[in-house]
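Have a look at the structure below before the remarks.
Just so it is clear, the values below take in all heavy atoms, side chains as well, and ignore hydrogens, waters and symmetry mates. Predicted model only: the values in this text are computed from it and were never measured. In what follows, every chain begins at residue 1, and chains take the letters A, B, ... in the order their sequences are listed.
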Amino acid sequence: MFDRELEEATSHIRQALAGLSLPSPEEIVWAPIPFAGQWGYGTAACFQVAAAQARANPGTQVKRRAVELAEQVVRKLEPVSGFARFAAENAYINAYFETADYAARVVDACLQSGPDFGRGEPQPDRLMVEYAQPNTHHSFHIGHARNAVLGEALARIAEFAGYETIRASYPGDIGLGVITCIWAYDKFHRGQEPEGVFARGRWLANIYTEATALVTPKDNETPEETRQRQTYDAERRELLRRWDAGEPEVRRLWERTRQWSLDELLEVLKLLGISIDVFFLESQAAELGKSIVEELVASGIAEDERANNGPVIVKIDEKLGMKKEKYRTAVILRSDGTALYMTNDLALARLKFEKYHVDRSIYVVDFRQSLHFQQVFKILELWGFPQAAKCYHLAHGFVTLPAGAMSSRKGNVIYFMDVYEEAVRRVKAIIAEKNPELSAESREEVAGQIGLGALTYAMLSVDNTKDIVFDWETALSFDGQSAPYIQNAHVRANSILKKVARLPEAVSFDYGLSEHETTLINLISRFPMLVQQAAREYKPLLMAGYAFELAKSFHGFYHAVPVLQADRDDIREARLRLTAATRQTLANCLGLLGIKAPNVM
RNA sequence: GCCCCCGUAGCUCAAUGGAUAGAGCGCCUGACUUCGAAUCAGUAGGUUGUGGGUUCGAGUCCCGCCGGGGGCGCCA
């Protein structure tokens with residue numbers, strides 16, 4: 001927002017240094033001055049110059065020299081429009097903005113752009129973000145929710161930052177686990193089908209858990225139990241073979257139950273505000289994958305050990321000439337010729353590049369699969385895909401329970417819908433207490449927005465790499481650093497603004513601004529740059545932290561600074577516009593996180 | 001054995017190589033006849049696991065060690 005001014009200041013500094021017969025650093029970097037209350041940007045350029053001198057003249061004290069230099073440079077600096085003054089402080093060169101101009105420019109720019117405030121210029125790269133890939137025949141749990149919420153936030157941020165963004169989902173709809181579920185369904189529950197999308201999905205997931213228990217060896221099995229289990233195991237493997245052979249009866253059973261899971265997935269995604277552009281199903285990738293394996297064997301990248309009852313493998317470290325084992329050996333096709341996860345991911349990558357023409361491909365998958373994706377990307381590289389360098393595995397931590405990992409197979413999972421419903425229940429109780437006059441209709445809508453917001457925020461306010469230990473009180477916290485706190489700031493801003501018929505036209509901020517106001521304006525001015533940074537670093541956390549900062553500043557402002565009751569009309573108008581700009585920025589920022597900004601709560 | 005991630009306040013977590021390492025929760029003390037108290041103001045809390053190195057400057061980068069988690073040929 002202040003690129004032009006800072007560029008001008010940069011060239012002035014270079015001139016001043018030249019005037020002192022000193023070389024300029026290659027790059028002069030500006031950062032916001034950390035002290036609250038006064039606005040501006042500062043640069044540590046003098047440290048670099050002093051350091052260079054110290055290298056030439058040993059014995060030079062760098063810090064003292066940097067302080068001297070900053071003072072000398074500032075004395076020689078010509079005024080730059082937009083800046084009130086330059087100051088040498090602590091060896092930094094600080095440029096302070098013209099208060100009234102700066103405030104008006106920030107607020108006007110925000111209100112003029114409205115929902116587009118912070119949106120970046122269109123970028124040439126096309127991105128695909130792949131996320132929300134639970135297996136079918138399971139039910140959507142809180143760990144899936146973290147993945148989905150994180151991927152969606154990334155997609156929104158990338159899109160807003162200016163990249164054309166395609167949202168992709170890749171449910172795993174086949175594999176021995178899926179077949180095990182179908183086997184048990186057909187054997188013990190044939191023809192049954194509960195009412196309701198969520199109830200049905202959950203019911204199917206329970207069958208999966210029960211079925212897994214039936215085929216898993218137990219301690220202290222009786223011979224009778226062992227025989228039974230082995231029979232069951234043989235049955236499900238036979239079913240997999242029949243599936244692979246394409247038997248219509250098995251396929252129909254599979255497709256029907258799969259649809260139950262996909263129906264549930266779509267409902268959950270809808271609830272989360274996620275609209276996927278491209279669905280890849282794992283089962284559809286197998287055929288292409290197998291042909292790719294043949295290609296890799298033919299080109300000498302892969303080795304076919306099937307003649308010796310082995311699988312098809314790629315010795316990645318060897319191919320790369322690595323001394324230490326790092327990427328190891330990847331199995332890309334089973335010895336019986338059936339496709340693996342790896343087979344399918346190779347096919348999928350190729351589809352992304354060749355059919356959807358993506359320049360950058362982002363895989364949002366938990367970090368347990370880091371090696372898998374490193375192998376995929378390296379094989380793509382060996383294969384000759386230039387886009388391999390632009391594949392990125394966003395490895396995120398997973399959601400565990402205080403007692404340990406969740407496991408669909410073991411059935412000890414926290415389902416997303418249970419948490420969501422509990423969140424809504426709690427929010428409703430609070431509304432009943434704090435805002436009883438809210439209409440029943442609004443109450444329903446708002447409770448969903450707040451409850452889901454709290455849950456979403458709890459997942460996005462932790463850095464990608466960290467695990468989240470799920471507990472109800474933390475996940476559904478409505479106080480402190482939480483979505484409801486931020487949403488409440490939005491509501492409070494709105495409650496002021498709805499009392500005026502029309503927002504005043506652009507006004508001057510030429511009065512003594514309080515620190516509360518300067519802090520707000522400073523934060524608002526930084527939003528567009530932050531969007532770019534979050535997109536570049538794949539870090540929704542930055543937006544989550546920022547939204548809280550902004551809300552906190554607004555709450556402070558709201559408490560201490562009168563808006564409607566301001567002493568003078570011009571101050572009142574300026575503060576109304578500042579309030580509106582804050583509301584807009586809060587809404588935009590929450591929107592990037594996939595969190596709704598209600599007008600009442 | 002090898003590879004990846006993490007270690008910051010009692011707890012949960014922040015901090016583009018830059019200025020005095022910050023929030024929230026919890027504890028304690030205050031503020032609603034006031035634009036909505038789901039709020040605000042204040043108190044207390046630190047040898048950033050550890051030892052070196054690079055740098056004008058390191059929580060951040062490099063190496064070693066300690067501790068925790070994950071992964072390593074036909075699960076996904």
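Contact annotation for A:Leu371: backbone-only contact, meaning every heavy-atom pair under 4.0 Å involves sugar-phosphate atoms and none involves a base. Within the nucleic acid shown, A:Asn309 comes within 4.0 Å of at least one base atom, counting heavy atoms only. Contact annotation for A:Ile431: base contact, defined as any heavy-atom pair under 4.0 Å involving a base atom. Residue contacts for A:Arg65: at a heavy-atom cut-off of 4.0 Å it reaches no nucleic acid atom on any strand shown. Backbone-only engagement by A:Lys324 is indicated by non-hydrogen atom pairs under 4.0 Å involving sugar-phosphate atoms exclusively. Among the protein residues, A:Val67 comes within range of no part of the nucleic acid, since none of its heavy atoms lies under 4.0 Å from any strand. Base contact: A:Val600 has a heavy atom under 4.0 Å from a base atom. Residue A:Thr60 is out of contact with every strand shown, counting any heavy-atom pair closer than 4.0 Å. No engagement by A:Thr474 is indicated, since no non-hydrogen atom pair under 4.0 Å with the nucleic acid exists. Within the 4.0 angstrom heavy-atom criterion, only backbone atoms of the sugar-phosphate kind lie near A:Lys539; the bases stay farther away. Residue A:Val29 is in base contact, counting any heavy-atom pair closer than 4.0 Å across all strands shown. Note on A:Tyr558: a base of the nucleic acid sits closer than 4.0 angstrom, heavy atoms only. No engagement by A:Asp366 is indicated, since no non-hydrogen atom pair under 4.0 Å with the nucleic acid exists. A:Phe47 comes within 4.0 angstrom of a nucleotide base, judged by non-hydrogen atoms across all strands.
Centroid-to-centroid, the aromatic rings of A:Tyr41 and A:Trp39 stay 6.0 Å apart or farther. The aromatic ring centroids of A:Phe367 and A:His396 lie 6.0 Å or more from each other. Between A:Phe527 and A:Tyr546, the distance separating the two ring centers is shorter than 6.0 angstrom. Taking the six-membered ring for Trp, A:Tyr363 and A:Tyr170 have ring centres at least 6.0 Å apart.
Within residues 337-349 of chain A, the residues approached by RNA chain B to less than 4.0 Å at the level of any non-hydrogen atom are A:Leu340, A:Tyr341, in residue-number order.
The cationic atom of A:Arg146 (NZ for Lys, CZ for Arg) does not lie both less than 6.0 Å from the six-membered ring centre of A:Phe398 and within 45° of the ring axis.
Residue A:Arg526 places no side-chain N or O under 4.0 Å from the OP1 or OP2 atom of B:rU16. Residue A:Lys315 places no side-chain N or O under 4.0 Å from the OP1 or OP2 atom of B:rG73. An OP1 or OP2 oxygen of B:rC4 is reached within less than 4.0 angstrom by no side-chain nitrogen or oxygen of A:Ser370. For B:rA14, one of the phosphate oxygens OP1 or OP2 lies less than 4.0 angstrom from a side-chain nitrogen or oxygen of A:Lys466. The phosphate of B:rA37 (OP1 or OP2) has a side-chain N or O of A:Arg492 nearer than 4.0 angstrom. Using a 4.0 Å cut-off, some side-chain N or O of A:Lys499 falls inside it from OP1 or OP2 of B:rG36. Residue A:Lys326 places at least one side-chain N or O under 4.0 Å from the OP1 or OP2 atom of B:rC4.
Between the CD1 atom of A:Ile468 and the P atom of B:rG24 there is a distance of 20 Å, rounded to whole Å. Nucleotide B:rC72 holds its P atom 15 Å from the CG atom of A:Asp317, rounded to whole Å. Residue A:Asn488 contributes atom CG, which lies 16 Å from atom P of B:rG24 at whole-angstrom precision.
Only the P atoms considered, B:rU43 is 12 Å distant from B:rG24, to the nearest whole Å. Rounded to whole Å, the separation between the C1' atoms of B:rU60 and B:rA15 comes to 9 Å. Between the C1' atoms of B:rG71 and B:rA76, the separation comes to 14 Å (whole Å).
The aromatic ring of A:Tyr92 stacks onto the base of B:rA19, its centre lying under 5.5 Å from the centre of the six-membered base ring with the two planes under 30° apart.
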Run the side-chain donor-acceptor check on residues 553-565 of chain A: report pairs under 3.5 Å with partners two or more places apart or on a different chain.
unit_1, atom_1, unit_2, atom_2, d
A:Ser553, OG, A:Glu549, O, 3.0
A:His555, ND1, A:Arg492, NH1, 2.8
A:His555, NE2, A:Tyr485, O, 3.1

Which donor-acceptor pairs under 3.5 Å do the side chains of residues 529-542 of chain A make with protein atoms, sequence neighbours left out?
unit_1, atom_1, unit_2, atom_2, d
A:Gln532, NE2, A:Ala161, O, 3.1
A:Gln533, NE2, A:Glu537, OE2, 3.3
A:Tyr538, OH, A:Arg360, NH1, 2.5

If you look only at distance, which donor and acceptor atoms sit under 3.5 Å apart when one is on a side chain in residues 328-345 of chain A and the other is two or more places apart or in another chain?
unit_1, atom_1, unit_2, atom_2, d
A:Arg328, NH1, A:Glu325, OE1, 3.0
A:Arg334, NH1, A:Thr338, OG1, 3.1
A:Arg334, NH1, A:Ala339, O, 3.1
A:Asp336, OD1, A:Thr338, N, 2.9
A:Asp336, OD1, A:Thr338, OG1, 2.7
A:Tyr341, OH, A:Gln369, OE1, 2.6
A:Thr343, OG1, A:Ile332, O, 2.6
A:Thr343, OG1, A:Leu340, N, 2.7
A:Thr343, OG1, A:Leu340, O, 3.3
A:Asn344, ND2, A:Glu282, OE2, 3.1
A:Asn344, ND2, A:Leu340, O, 3.3
A:Asp345, OD2, A:His372, NE2, 2.9

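Donor-acceptor pairing under 3.5 Å, judged by distance alone, is present between the side chain of A:Ser335 and the base of B:rC74. The base of B:rC3 does not come close enough to the side chain of A:Arg328 for any donor and acceptor atom to sit less than 3.5 Å apart.
Side chain to side chain, A:Ser514 and A:Glu517 meet the donor-acceptor criterion of an N or O pair below 3.5 Å. At a cut-off of 3.5 Å, with distance as the only test, no side-chain donor of A:Thr60 or A:Asn57 sits close to an acceptor on the other residue. There is no side-chain donor-acceptor pair under 3.5 Å between A:Thr582 and A:Thr579.
Residue pairs that meet the side-chain hydrogen bond (donor to acceptor under 3.5 Å, both in side chains) test with at least one member in residues 25-34 of chain A, sequence neighbours left out, are A:Thr10-A:Trp30.
Nucleotide B:rC27 is shown with an anti base, its glycosidic torsion being more than 90° from 0.
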Watson-Crick and G-U pairing of RNA chain B, under 3.5 Å, as dot-bracket with | and [ ]: (((((((..((((....[...))))..((((.......))))......(((((..]....))))))))))))....
